[in-house]
Amino acid sequence: MIIRLKKEVNEQKANELGKELQAFVLRENGSFVLVTPNKLKDLDSKYGSFVSGSVVFDDDIQLASKKYLNEVRTVQLTEHISIGGTTGNTAVIAGPCSVESEEQIEAAAQLCVKLGIGILRAGAYKPRTSPYTFQGMGLEGLELLAKMRTKYGLKIITEIRDSTHVNEIIEYADILQIGAKAMYDHGILKSCGKSNKPVLLKRGFGTTLQEFVQSAEFILSGGNPNVMLCERGIRTFETKTRFTLDLCGVAYLKQFTNLPVILDPSHAIGYAYGVADLSRACIAMGVDGLLVETHPNPAVAKSDASQQLNFDEFTALYQTLSPVAKAIGRKIV
Ligand code: PEP
Ligand code: MN
């Protein structure tokens with residue numbers, strides 16, 4: 001149950017009530033909100049004088065539910081750039097899989113600037129399937145990303161691979177990415193819940209929608225309302241493509257959750273040949289963001305080489321997105 005307390009209830013009283021009801025105590029729009037276990041369906045009348053409203057849930061999707069907030073939340077990146085809300089904007093996030101060198105990340109930053117894209121992505125700590133492959137540049141990579149932010153005025157998104165460097169990423173990034181393999185790590189989720197930086201939470205490739213949104217609840221219930229959900233492909237019986245982009249799942253997330261939804265076709269298909277068509281399909285779904293991997297020379301990329309678009313391919317794709325967005329009343333930003 002989510003219980004909204006009256007404006008005049010102070011912090012001490014909110015905490016007291018939270019303790020009694022075993023609830024998370026959050027502050028939203030100037031009032032306190034209590035989030036209790038969902039098995040609580042009725043509130044004792046003794047609480048009546050403190051409560052301005054309450055919502056009951058069938059499952060543990062509470063703060064992320066449209067039953068609680070009927071609109072898509074707005075994640076404010078800067079005074080001028082926001083993701084989600086009711087603007088009808090679809091934000092494009094672009095960049096290589098990994099930061100590999102200053103030259104490489106600077107080329108990607110310059111491409112973003114040239115096209116008017118405001119958010120640069122690249123991993124510095126890479127969650128690789130094999131220990132014998134490139135694991136990322138680590139702190140040096142974060143420093144290069146920070147340099148690109150200063151030099152080009154871009155927002156930076158980079159991933160948290162494990163709990164050893166959560167605080168480093170929180171310090172350096174504008175958007176914290178939690179990857180498909182890290183999304184079950186409660187240490188990471190809870191640390192991100194304590195930060196107020198925007199979080200892009202990717203769906204694990206074997207994760208149900210219920211489990212996915214419950215991971216988001218860990219961040220939301222920790223006090224960070226700035227969570228975005230990212231569908232990046234799930235594992236099915238199909239082996240011709242790397243994963244299967246679950247657009248049905250996207251329809252579910254749009255219908256039942258209040259979190260902005262970002263789509264990542266690059267990791268879903270795993271091959272560059274399909275990324276442009278899939279990207280247009282993603283835009284046509286009416287989502288809040290699109291994440292695409294692009295690299296100055298994908299053939300020599302140190303991670304995800306087969307799926308990254310070269311800059312010409314990416315530019316050609318980018319130019320086709322606006323008409324698709326326009327056809328469904330949205331705008332690429
Ligand atoms: C990535 O964004 O480069 C990445 C590793 O993504 P995922 O966690 O979805 O595999
Ligand atoms: Mn990648």
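Whatever order the structure lists ligands and atoms in, that order sets their numbers, starting from 1. The analysis underlying the following values was restricted to heavy atoms, covering all of them including side chains, and did not include hydrogens, waters or symmetry mates.
Of the possible donor and acceptor atoms, one in the side chain of Q104 sits under 3.5 Å from a partner among the backbone N and O of E100.
Taking the six-membered ring where the residue is Trp, F314 and Y318 present parallel rings, their angle staying beneath 30° rather than reaching 60°.
The nearest heavy-atom contact from the protein to atom 5 (C) of ligand 1 is E159 OE1, 3.6 Å. Nearest protein neighbour of atom 8 (O) of ligand 1, counting heavy atoms only, is A180 N, 2.8 Å. Of all protein heavy atoms, the one lying nearest to atom 6 (O) of ligand 1 is K202 NZ, 2.9 Å. Looking from atom 4 (C) of ligand 1 to the surrounding protein, the closest heavy atom is H267 NE2, 3.3 Å.
The G179 neighbourhood of ligand 1 comprises atoms 8 (O), with distances under 4.0 Å to a heavy atom of that residue. Against a heavy-atom cut-off of under 4.0 Å, R121 is close to the following atoms of ligand 1: 1 (C), 2 (O), 3 (O). Per-residue contacts place C97 under 4.0 angstrom from the following atoms of ligand 1 (heavy atoms of the residue considered): 3 (O). Every atom of ligand 1 with a heavy atom of K126 under 4.0 Å away is listed here by number and element: 1 (C), 3 (O), 5 (C).
For R128 and F134, the positive end is not near the middle of the six-membered ring at less than 6.0 Å and at most 45° from its axis.
The angle subtended at the Mn ion (ligand 2) by OE2 of E293 and OD2 of D304 is 130°, given to the nearest 10°.
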E71 vs K66, salt bridge (charged side-chain N to carboxylate O under 4.0 Å, His left out): CA-CA, chis, key distance, verdict: CA-CA 7 Å; E71 280 182 356; K66 276 251 167 73; over 6 Å; no

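I93 CD1 to I262 CD1: the interatomic distance, rounded to the nearest 0.5 Å, is 5.0 Å. One finds the CG atom of N224 at 15.0 Å from the NZ atom of K190 (value rounded to the nearest 0.5 Å).
Considering backbone and side-chain N/O atoms, R232 comes within less than 3.5 Å of an N/O atom of ligand 1. Considering backbone and side-chain atoms together, D264 places no N or O closer than 3.5 Å to any N or O of ligand 1.
I119 and V99 are assigned to two separate hydrophobic clusters, defined by single-linkage of ILVMFWY side chains at heavy-atom distances under 4.5 Å.
Side-chain atoms of E16 and K13, non-hydrogen and from C-beta on, do get closer than 4.5 Å to each other.
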